[in-house]
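The analysis underlying the following values was restricted to heavy atoms, covering all of them including side chains, and did not include hydrogens, waters or symmetry mates.
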Amino acid sequence: MTYRQAKYPEPLVFELSQSEREGGFFNPEIEEIPEIPPKLRRERLNLPRLSEPEVVRHYVRLSQMNFGIESGLYPLGSCTMKYNPRACEDFSALPQVRDIHPLQDASTVQGALEILYRLERMLAEIGGVKRVCLQPAAGAHGELLGMLLVRAYFKDIGENRTEVVIPDSAHGTNFASAAMAGFRVVVIPSNSTGRVDVEALRAAVSDRTAAFMLTNPNTLGLFEHEIKEIASILHDAGALLYYDGANLNGIMGKTRPGDMGFDIVHFNLHKTFSTPHGGGGPGAGPVGVSEKLEPYLPVPIIQYDEDKDKYWLDYNRPKSIGKIRSFFGNFAVLVKAYAYLLMMGASGLKEATEVAVLNANYLKEKLRRIPGFEVRYDPEAPCKHEFVLSAEPLKRETGVTARDVAKRLLDFGFHAPTYYFPPIVPEALMIEPTETEPKEELDRFVDAMKQIAEEARRDPETLKRAPFSTSVSRIDEVRASRRPILSWKQFVRLRK
Amino acid sequence: MGHRFVPNSFLLKEMLKELGIDSVDELFRDIPPEFRTDRLNLSPPLSEQETLWHLRRVLSKNRYQGEIPIFLGGGCWFHYVPAHVKYITQRGEFLTAYTPYQSEASQGLLQALFEYQSLVAELIGLEVVNASMYDWATALGEAALMSCRVTGRRRFLVPHFISPERRSVLQNYCEGIGMRVDEINQDPNSGQIDLDHLRNVLSEDVAGVYIENPSYLGFLEEQVDEISDLTHRAGALFIVGVNPISLALFKPPGEYGADMVVGEGQPLGQSPSFGGPSLGIFACRNDMKLVRQMPGRLIGMASTLDGDERAFCMVLQTREQHIRRERATSNVCSNEALCAIAAAAYLASMGPEGLKTVASISMANAHYLMKRLAEIEGLDAPAFHAFHFNEFVLRRVDGGTMRDFNQKLLQENIHGGHILVSEFPELGESELICSTEVHSKRDLDRFVEAAGKIMEGKK
Amino acid sequence: MKKIGLVVNPIAGMGGSVGLKGTDGPEVLQKATELGAKPVAPQRAVRLLRALTPVRHKFELLTYPKDMGENECIEAEFPAHVVGKLDSEKTTAADTKRAVCEFLDKNCELIVVVGGDGTLRDVFDVVNTETPLVAVPAGVKMHSGAFSTDPEAAAETLMKFLWDELPLREAEVMDVDEEACREGRVSARLYGYVLVPYEPRLVQGSKLASLEAEEEFEQQRAIARYVVEQMEPEVVYLLGPGTTTRAIAEQLGEDKTLLGVDAVLNKKIIARDLNEKQILDLIRDKAAKIVVSPIGGQGFVFGRGNQQFSPKVIRRVGLRNILVVATMHKLSGLRALRVDTGDPELDQQLRGFMRVISDYGRTQMMRVE
């Protein structure tokens, strides 16, 4: 039995359109429709005309030409692609969640405010922080908020600090977020074990340093065990320590970033707390802070009045930076994360981390023994939730690259790992199995990697044309970027 | 006993043995003991059933549209979401996928996003739409930054009557690069942009001029051609914020010179959900000088390497953070892809006539309310003498407060509009009322009747 | 099938083991041989060929007779097509040049050269501007940035070139004035630039190699923009040799000498191609900053190709006023930076960590050895 993804020659909705067909959903009750002044009126609206069955079939077919966690193993490193409980979808579809408006009177949304308040308390406990802002809509958005808080803090205490230090193995968003908040970036190299070069950090930190952005465990899946010294270098210089929460699944319930000395702790609910990623959002990237940064958090803060048993929105925060997004963030996503946390409980979260780390080490030990693959940095140390395999030996021997391996994995019914990241590992394959994969699936993955390594030696040319089982074969992405066609409108114009 | 989401819990011993270690704690030996946590202070696991019970209990304290009519808008709108649109976004292959990095295995998602870009492009009249931003406010923030990158200037103009939330988000986005945000005056009677003032503030350091159409307070701007002209003559970019539903009826910004369009895509197939997820619309003219500076993901039509088979993939990725790092056009990574798919399915389902029906029912409802409420002694609507779409400002002129008005409406199981007293004190006791097709005529009449009683002092 | 030309300069590197700086010129070679020098390059070439064994049927190798390639191929059991002929036992620079011309005539898409800085210079003299080189280090000096780190790394680049369309970049060709060197003065000169294939930092999820080729260029411009924005009035900026510093001058709308030190004051070039004395005169009563880029493949910030920045000049400018600039790609190929000012005390002061401006608003901490 071999894997095959569905393939339909599915046209675009515009090509399916029939001039006389109609959706037609509503029957107007009020007959008097105001006359729009001619100057403001729209003349033509070119939307496709399809019946409901056609629309449903079209998008179901498209969905079948797509791969999700529900389709199979999705070992995309640093993305924590774990099973998304279906129950959470039901919960967030309740009318008391979907059909409430963010500007409603607080007395009419007490349930929503209670969920936000309780979720905030839970995240604060997991992260070891004082308060958490739930507004950011994604991980990178949370990073931006974190950096704006750093900015607000130093502005308030009257210090002009312009630099943010980031390790060379960090997620690409860190650099972009710091730059967006107006900071200059100082990059420090990793040491020979793939961790922060403490000496370089010391050389980089000065009275111009505002913050150090660190992922722990880092992108190699290695725990930064010198964290205490790192924290004191920063704090002694009066700077702040920022936690990138993309890799929280490697330590959740085993240690807390706040306890390690992080002043700002960011979470990715669509990673660690199992809200579905939706093919690229909606996510949620809450940001927790220690006491000294609390005054700068965006408004409103959700407060609880114990005497009246009422939740209320606190806008009276003179030092607040204001808003980072409209309203309260991606509420429906927050509800899913809240339900997930309730279903996991304290013991479940710890168990998730333990098994996520066990699964990663299990895969690491099996894969690094396959000739052609190796773990570059500190291979004997236990990894956390993920690890980075280098396919450099295989490439040297056969010319088959990490990208080729990744593409070939698609033919086995797996999603590809993250590849060519972090940039400090040549031919990197960053693998994160998560705790929700059964051992049998991990073993199947190991077998696939073995087979690919053999194919690389036997018939590298064929392998380099993979994948063969997906709905399309390799795409000419370079050409697509040279003369981009970004919409039907543009396509039609260019075709003429 | 292991947790039901963690299949290998019961294989712990076996797998540890294969690794040659005794205890799972050995895998965490690199965490310094002083930082180890024994136990989080959280409750024990609840079953799915218990979780539902708990959520139902907590959520029963919410009042929701459908149970009562809610006349709120202001950047988040109630529109009916057809069942099949929800179904499409619940397809696991879409719902549980990550960003389509592996385009060969993600054609469905990529095509759906390309369709989203295409459908929104038709609606707003510009050719280039990105695969989504977080919401309208952050899209506006990114538009300001983009106008700075394109023009090299650092001042951004916004209308006086803008949502304060949106204004605050914009301010935070501009903070980092030191961009200044200034206001353009609007006529207090008509809400129309004060062209003389615009002329005065449009100096050579202005990167972009932003207007909203319809505005935050529901009225339409009629001098769009003049504003566009003034802006372009000053070498700045013209940016328009929209409610996409309105564009079924009103002239799209692409037809009056907009260089960029931002807006809130939530009404296209998303319930309000207390304000999120939402869908930031972001579009620009088909000019590579602009496109190359665009934030967010772009999906392009491509072909396979081995032939001429049509395919889709992410394009122009060198603009993006995972490649360009701090020189990226923006840090945006995850956006609101699933909401974009909902919007695509919604627009494809509605078609031109369906969308016009939604828009005209919403407009007719609002105008009906406007007219009937204005007839009530002590109420005045609309506050601005201009054409309105489906929102308008209702003023109370009898000395009573809007807060009191809304509280009394609530006692009648009606949620009134958004009180504007703290946002725009110059409007006096006022609120922003919104109606859409989710309100029946009976809802509207109940509202008018209750308002009448309140104003008569019978309540 | 791609054609690749291989030329070995068998005498490259012979001087090193016997304490001579290079083997340029027949008299020096004679001397080296008398001192008992053994050839280095042939062994390097064999190592390269052995590393290429797995792919030996994937391309056609053209080479030159005898120990200019033929012998090495035989030793490594590597199939090759020998072109041209050698008149004399003793090979000269002219032979290297003839070999390259021959390869170009036969439409080789890549030329592999095994030798030192001098060999590379010979190739540089005749190679066209479209054909890339892979240079295997086998000389004494090897200051040129065009060199791979070792034969295996060169083999890898070559393999990538076979499989992928690698982008090309300009890399330095440098050489030391051997005469001066033997007299105890290190005087590395930058001769110019040749094309070398390089592997960009590949990106997650997609193949964008050819788009990335524009990156190196754009990064240089970003660095330039940043440096120019930071420029203070009434301070003399001494721009060292190289393409990154040239980009800074371009940002100012000025033309810079590629190989010399030019001075900028108030965003205008005020003097070109300065020597040590002229620099010292110029900055006698002015604040100054040095802007340098690590030169060559070995990461020298000072002491190679920019000897105008003498210890005296560096001291006068002050250690805090040194701006090092280099693109991220260039840095990724360097384990550390080096200094060799000729003044051990100054070298010691420069060691530790140095900040390198690697992009707009970005600096990178680099160890200095």
Side-chain angles (χ1 to χ4, degrees), chain A residues 13 23 29-30 45 47 49 59 62-63 65-70 87 96 98-99 101-103 108 110-111 137-138 140 172 175-177 179 181-182 223 225 255 276 278-283 322-323 326-327 330-332 345-346 348 382 438 470 472 474-475 480-481 484-485 487-490, chain B residues 3 7 27 30 35 40 42 44-45 48 59 61-65 72 88 91-93 95-97 99 104-105 107-109 118 121 127 134 137 165 168 176 271 273-277 300-302 305 311 315 321-322 325-326 328 331 333-338 348 351-352 354 364 367 418 441:
Chain A
V13 277
E29 285 184 284
I30 290 174
L45 178 58
L47 291 180
R49 294 163 184 269
Y59 287 106
L62 291 188
S63 75
M65 292 194 278
N66 212 58
F67 192 95
I69 305 166
E70 288 181 0
Q96 293 90 340
R98 294 187 74 113
D99 296 328
H101 194 282
L103 298 172
T108 66
Q110 285 292 304
F175 304 87
S177 301
F223 191 80
H225 51 75
T255 176
K323 301 284 297 188
S326 49
F327 312 122
N330 283 341
F331 179 69
T470 46
V472 296
R474 275 201 204 186
I475 294 168
S481 282
I485 301 170
S487 63
W488 173 253
K489 205 179 173 70
Q490 198 175 13
Chain B
H3 196 282
L27 297 173
D30 44 3
F35 296 140
L40 292 171
L42 299 174
E48 193 169 315
L59 288 167
K61 294 184 267 177
N62 287 352
R63 318 272 334 245
Y64 59 95
Q65 165 61 38
L72 289 166
I88 286 165
R91 293 287 301 181
E93 300 92 328
L95 180 72
T96 71
T99 303
E104 296 88 348
Q107 282 302 297
L109 181 62
S118 301
E127 283 187 2
Y134 309 135
E165 291 223 333
S168 175
S271 306
S273 298
F274 209 36
M301 194 188 275
L305 269 176
V315 295
Q321 58 73 27
H322 63 277
R325 296 184 166 214
E326 62 271 46
N331 73 344
C333 240
S334 289
N335 39 79
E336 308 291 309
L338 198 66
H367 282 249
H418 174 54
K441 179 151 186 296

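The two residues B/Glu165 and A/Phe327 come nearest to each other via the heavy atoms OE1-N, 2.6 Å. The two residues B/Tyr134 and A/Ala138 make their nearest non-hydrogen contact at CE2-CB, 3.5 Å. Closest of all the heavy-atom pairs between A/Ile30 and B/Lys441 is CG1-CD, 4.0 Å.
The side-chain hydrogen bond (donor to acceptor under 3.5 Å, both in side chains) search around B/Ser271 returns A/Arg98, not counting sequence neighbours. Remark: B/Ser118 engages no residue in a side-chain hydrogen bond (donor to acceptor under 3.5 Å, both in side chains) (not counting sequence neighbours).
A donor-acceptor contact shorter than 3.5 Å links the side chain of B/Thr96 to the backbone of A/Glu70. Looking at B/Ser168, its side chain does come within 3.5 Å of a backbone N or O of A/Lys323 through a donor-acceptor pair. Side-chain N or O atoms of A/Asn66 include one that pairs as donor or acceptor with a backbone N or O of B/Glu93 at under 3.5 Å. At least one donor-acceptor pair closer than 3.5 Å links the side chain of B/Asn62 to the backbone N or O of A/Gly111.
Within the 4.5 Å cutoff, the side chain of A/Ser63 has no heavy atoms near those of the B/Ile88 side chain. The shortest distance between side-chain heavy atoms of A/Asn330 and B/Glu336 falls below 4.5 Å. Here the side chains of A/Thr470 and B/Gln107 are not in contact, with every heavy-atom distance at 4.5 Å or above.
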